[in-house]
Trainee: 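Please read through the structure below; I'll follow up with questions.
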Number of protein chains: 2
Amino acid sequence: MDGKVINLKAKLEVYKAISGGGNIANCPVREVIQGVSGKWRSLLMMALAEKPYRFGELRRLVPDISQRMLTQTLYDLQRDGYVHREVFPTKPPSVEYSLTDLGRSMFGAFHQLILWAELNHDAVRAARADFDASQA
Amino acid sequence: MDGKVINLKAKLEVYKAISGGGNIANCPVREVIQGVSGKWRSLLMMALAEKPYRFGELRRLVPDISQRMLTQTLYDLQRDGYVHREVFPTKPPSVEYSLTDLGRSMFGAFHQLILWAELNHDAVRAARADFDASQA
DNA sequence: AGTGCTGGTCTCTTTTTGAGACCATCACTA
DNA sequence: TAGTGATGGTCTCAAAAAGAGACCAGCACT
């Protein structure tokens with residue numbers, strides 16, 4: 001019974017150590033997971049995993065994203081090294097966004113979760129409905 | 001060149017269709033991904049994947065979570081069907097949280113991302129540092 | 001000169017997160 | 001029998017993030 005506790009404690013201690021001795025909340029794993037979170041990041045990663053896109057194309061592809069959030073999300077993804085941004089000096093300068101190797105690598109792992117979601121989203125929906133019903 | 005566009009368009013159209021004809025933003029996949037997001041959800045899922053825990057144990061395990069967020073995050077996880085909550089009628093009633101089958105199933109996929117994060121968090125860190133330096 | 005497309009930035013409002021105080025119950029202890 | 005600590009919460013309010021919408025500069029076409 002204590003064995004399991006020690007397993008977890010050890011694991012969390014490792015994270016704690018990696019995170020620089022501070023608290024677990026800053027652990028790098030959480031940092032990366034946070035990087036995947038965000039309302040639009042997964043959607044944009046999925047789009048860019050298919051092929052590179054221009055700013056306006058992405059905006060049209062995801063109609064209900066505001067320009068501000070599109071700009072900011074792409075900036076964040078670029079900052080984390082997942083997305084490459086290239087400006088072409090056309091008449092009205094156009095900007096193309098594409099996945100980097102790191103981005104593709106991350107998306108490979110992230111894809112597992114997407115696949116799970118595709119298969120199980122109705123189970124989650126059902127659980128939520130049941131729960132809400134039982135609380136009413 | 002247009003072939004790829006059609007691929008993505010088709011995929012996104014599928015999501016759009018699943019989501020009930022509305023816009024892509026409500027697609028169930030995004031909904032599930034959102035469910036995984038949140039500052040504490042991954043950490044609590046990792047803890048509960050190890051073994052069931054009581055409220056106070058979790059609070060001690062993750063020292064920098066506030067009681068409010070612990071309550072709420074566990075509530076959300078329970079609502080999504082990932083976590084089971086059981087109250088024991090001890091003298092001061094104790095509450096135990098454990099993963100459901102759905103929770104374990106989801107964690108299996110999510111685990112891929114955690115493993116990737118464990119292996120590559122330094123690359124992300126480096127990318128971020130580079131980017132910040134180049135912006136300065 | 002006016003319109004539209006390019007890819008943004010700036011400001012303001014709403015929503016989400018988070019920290020901290022407060023609460024009710026029971027057991028043990030002085 | 002009043003004080004202390006442990007149980008698992010809730011409530012209030014401040015800070016941070018997300019989001020909507022106006023505005024901007026440059027160039028082409030009409």
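Please read these numbers as outputs of a predicted model, since none were measured by experiment. Numbered from 1 within each chain, the chains take letters A, B, ... in sequence-line order.
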Trainee: Identify which nucleotide among C:dG7, D:dT10, D:dG26 has an atom closest to any side-chain atom of A:Q67, counting heavy atoms from C-beta outward.
Mentor: C:dG7
Trainee: What's the CZ-C1' distance between B:F55 and D:dA6, to the nearest Å?
Mentor: 13 Å
Trainee: Between B:T100 and B:Y82, is there a donor-acceptor pair closer than 3.5 Å when you use the side chain of the first and the backbone of the second?
Mentor: yes
Trainee: Choose from C:dG18, C:dG8, C:dT6 the nucleotide whose nearest atom is closest to any side-chain atom of A:R85.
Mentor: C:dG8
Trainee: Nearest of C:dT6, D:dG8, C:dG8 to any side-chain atom of B:R54?
Mentor: D:dG8
Trainee: Does a nitrogen or oxygen in the side chain of A:W40 sit under 4.0 Å from OP1 or OP2 of D:dG19?
Mentor: yes
Trainee: In whole Å, what is the span from the CG atom of B:L44 to the P atom of C:dG18?
Mentor: 12 Å
Trainee: Between A:L74 (CG) and D:dA18 (P), how many Å, whole number?
Mentor: 14 Å
Trainee: Nearest whole Å is fine: how far is C:dG7 P from A:Y53 OH?
Mentor: 14 Å
Trainee: For A:Y97, report the nucleic acid contact type (base, sugar-phosphate, nothing); a contact means any heavy atom under 4.0 Å.
Mentor: sugar-phosphate
Trainee: What's the CD1-P distance between A:I65 and C:dG7, to the nearest Å?
Mentor: 14 Å
Trainee: Starting at atom CD of A:E57, determine the distance to atom P of C:dC5, rounded to an integer number of angstrom.
Mentor: 15 Å
Trainee: Verify the contact: side-chain N or O of A:R60 to OP1 or OP2 of C:dT6, cut-off strictly under 4.0 Å; return yes or no.
Mentor: yes
Trainee: Within the structure, does a side-chain N or O atom of A:R68 lie under 4.0 Å from either OP1 or OP2 of D:dG21?
Mentor: no
Trainee: So A:R41, base contact, sugar-phosphate only, or nothing? Heavy-atom distance under 4.0 Å.
Mentor: nothing
Trainee: Here's a test of your reading of the structure: between B:E96 and A:Q72, which maps to the more 5' nucleotide of DNA chain D?
Mentor: B:E96
Trainee: Could you tell me the separation between the CD atom of A:E86 and the P atom of C:dT6, rounded to a whole number of Å?
Mentor: 19 Å
Trainee: Are A:R125 and A:D122 within salt-bridge range, i.e. N to O under 4.0 Å?
Mentor: no
Trainee: CZ of B:F88 versus P of D:dG8: gap in Å, rounded?
Mentor: 11 Å
Trainee: Indicate yes or no for a side-chain donor-acceptor contact from A:T71 to the backbone of A:Q67 under 3.5 Å, with no hydrogens or angles considered.
Mentor: yes
Trainee: Decide, yes or no, whether a salt bridge links B:D76 with A:R128 under the criterion of side-chain N to carboxylate O below 4.0 Å.
Mentor: no
Trainee: Using modelled atom types only, decide if a donor and an acceptor are shared between the side chain of A:S134 and the backbone of A:F131 within a distance under 3.5 Å.
Mentor: yes
